[in-house]
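Read the numbers this way: they start at 1 and go in the same order the structure lists the ligands and their atoms. On a predicted model such as this, the values are computed, not experimentally measured, just so you know.
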Amino acid sequence: MARQKIALFGGTFDPIHIGHTVVAADAAEQLGAGKVIFIPAKRSPLKGFLPKGADEHRLAMITLAVAGNENFEASDFELNQPAPSYTLATVRKFQHDYTSDVAFYWLLGADGVDDLQHWHAVEELIDACNLCTMYRAGCEPPDYSRFERIWGRTRVEKLQRTVIQTPLVDISSTEIRRRLAAGQDVADMLHPAVAEYIRRHGLYGTKSQL
Ligand code: ATP
């Protein structure tokens with residue numbers, strides 16, 4: 001019997017946007033994964049600043065954004081751990097919770113390729129799961145060949161096999177926060193329920209252009 005596949009999608013999701021949900025749905029389809037679990041980080045080890053949105057707001061917005069897709073779920077696992085969040089520990093936790101019949105995929109946008117070399121225990125992480133790199137608007141197509149010298153050919157070949165050509169959606173949380181603070185429109189970048197949540201809670205200095 002084919003192994004069940006689950007995609008884990010980590011990030012700060014500050015806030016979650018249409019780019020996240022579009023690429024996650026596309027990646028799940030291409031991988032044949034029956035489930036995508038969105039996992040907000042308490043704090044990214046490599047972002048030099050804390051999320052602007054409080055943990056409970058970021059989780060609440062994810063919950064709203066994923067509600068309409070029966071294959072999507074939100075997890076508060078990293079929010080309940082001490083910061084920063086290390087992906088390897090998160091992958092190990094999910095592997096522990098599910099049977100060994102489940103194959104786990106970790107989704108990563110192409111903008112994360114350069115940073116990957118600085119991730120905690122990255123070689124162990126590459127070995128432990130299937131790290132899938134998705135295309136991202138404004139970024140070069142993911143290419144790991146330059147890392148062969150440090151990670152070895154087997155790992156680089158594994159990473160290259162799980163590059164996924166996802167649709168290019170030119171949206172980032174940074175741009176959404178910038179626009180909100182400037183009172184500009186972001187309606188086509190967010191799930192309507194997330195836009196309403198931001199407006200209702202006055203997040204990101206919004207001047208209510210939603
Ligand atoms: P910020 O602008 O605050 O850095 P972001 O839009 O990159 O945020 P994150 O929450 O940091 O969003 O991203 C979580 C994961 O989703 C990362 O792996 C990131 O590369 C990926 N990602 C985010 N937006 C897109 C997008 N539009 N297309 C493809 N991948 C994306």
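Taking any N or O of Ala137, backbone or side chain, none lies under 3.5 Å from an N or O belonging to ligand 1. Close N/O approach between Gly10 and ligand 1 is not found [any backbone or side-chain N/O within under 3.5 Å]. Geometrically, ligand 1 and Ala110 share no nitrogen or oxygen pair separated by less than 3.5 Å. Checking only distances, Ser173 does come within under 3.5 Å of ligand 1, N or O to N or O. Residue Gly112 places no N or O, backbone or side chain, under 3.5 Å from any N or O of ligand 1.
Numbered from 1 in the order shown, with element, the atoms of ligand 1 that lie under 4.0 Å from a heavy atom of Phe13 read 10 (O). For ligand 1, the atoms sitting less than 4.0 Å from at least one non-hydrogen atom of Tyr135 are 29 (C), numbered in the order shown with element in parentheses. Per-residue contacts place Phe9 under 4.0 angstrom from the following atoms of ligand 1 (heavy atoms of the residue considered): 15 (C), 16 (O). Using a 4.0 Å cut-off to heavy atoms of Thr174, the atoms of ligand 1 that qualify are 1 (P), 2 (O), 3 (O), 4 (O). Close contacts between ligand 1 and Arg177 involve ligand atoms 3 (O) [criterion: under 4.0 Å to a heavy atom]. Interface atoms of ligand 1 facing Asp111, defined by a heavy-atom separation under 4.0 Å, are 19 (C), 20 (O). Interface atoms of ligand 1 facing Gly11, defined by a heavy-atom separation under 4.0 Å, are 10 (O), 14 (C).
Ligand 1 lies nowhere less than 4.0 angstrom from a heavy atom belonging to Glu175. Using a 4.0 Å heavy-atom cutoff, Val169 is listed among the residues neighbouring ligand 1.
Ile176 is listed as a side-chain neighbour of Ile171, based on a closest heavy-atom distance under 4.5 Å. A 4.5 Å side-chain heavy-atom check between Arg155 and Tyr144 finds every atom pair outside the cut-off. Leu59 places a side-chain heavy atom less than 4.5 Å from the side chain of Leu79. When side chains are defined from C-beta on, Leu116 does not count as touching Asp114, because their heavy atoms never get closer than 4.5 Å.
Using a 4.0 Å cut-off between a side-chain N of Lys or Arg and a carboxylate O of Asp or Glu, Glu148 and Arg153 qualify as a salt bridge. Using a 4.0 Å cut-off between charged nitrogen and carboxylate oxygen, Asp76 and Arg58 do not count as a salt-bridge pair. Salt bridge status for Asp111 with Arg136: present, with a side-chain N to carboxylate O gap under 4.0 Å.
Using a 4.0 Å cut-off between heavy atoms, Ile171 contacts ligand 1 through its backbone alone, with no side-chain atom that close.
Atoms CD and CD, from Gln184 and Glu175 in turn, are 7.5 Å apart once rounded to the nearest 0.5 Å. Put simply, NE2 on His57 and OH on Tyr204 are 8.5 Å apart, with the number rounded to the nearest 0.5 Å.
Counting non-hydrogen atoms of other residues, nucleotides and ligands closer than 6.0 Å to CD of Glu123 gives a total above 12.
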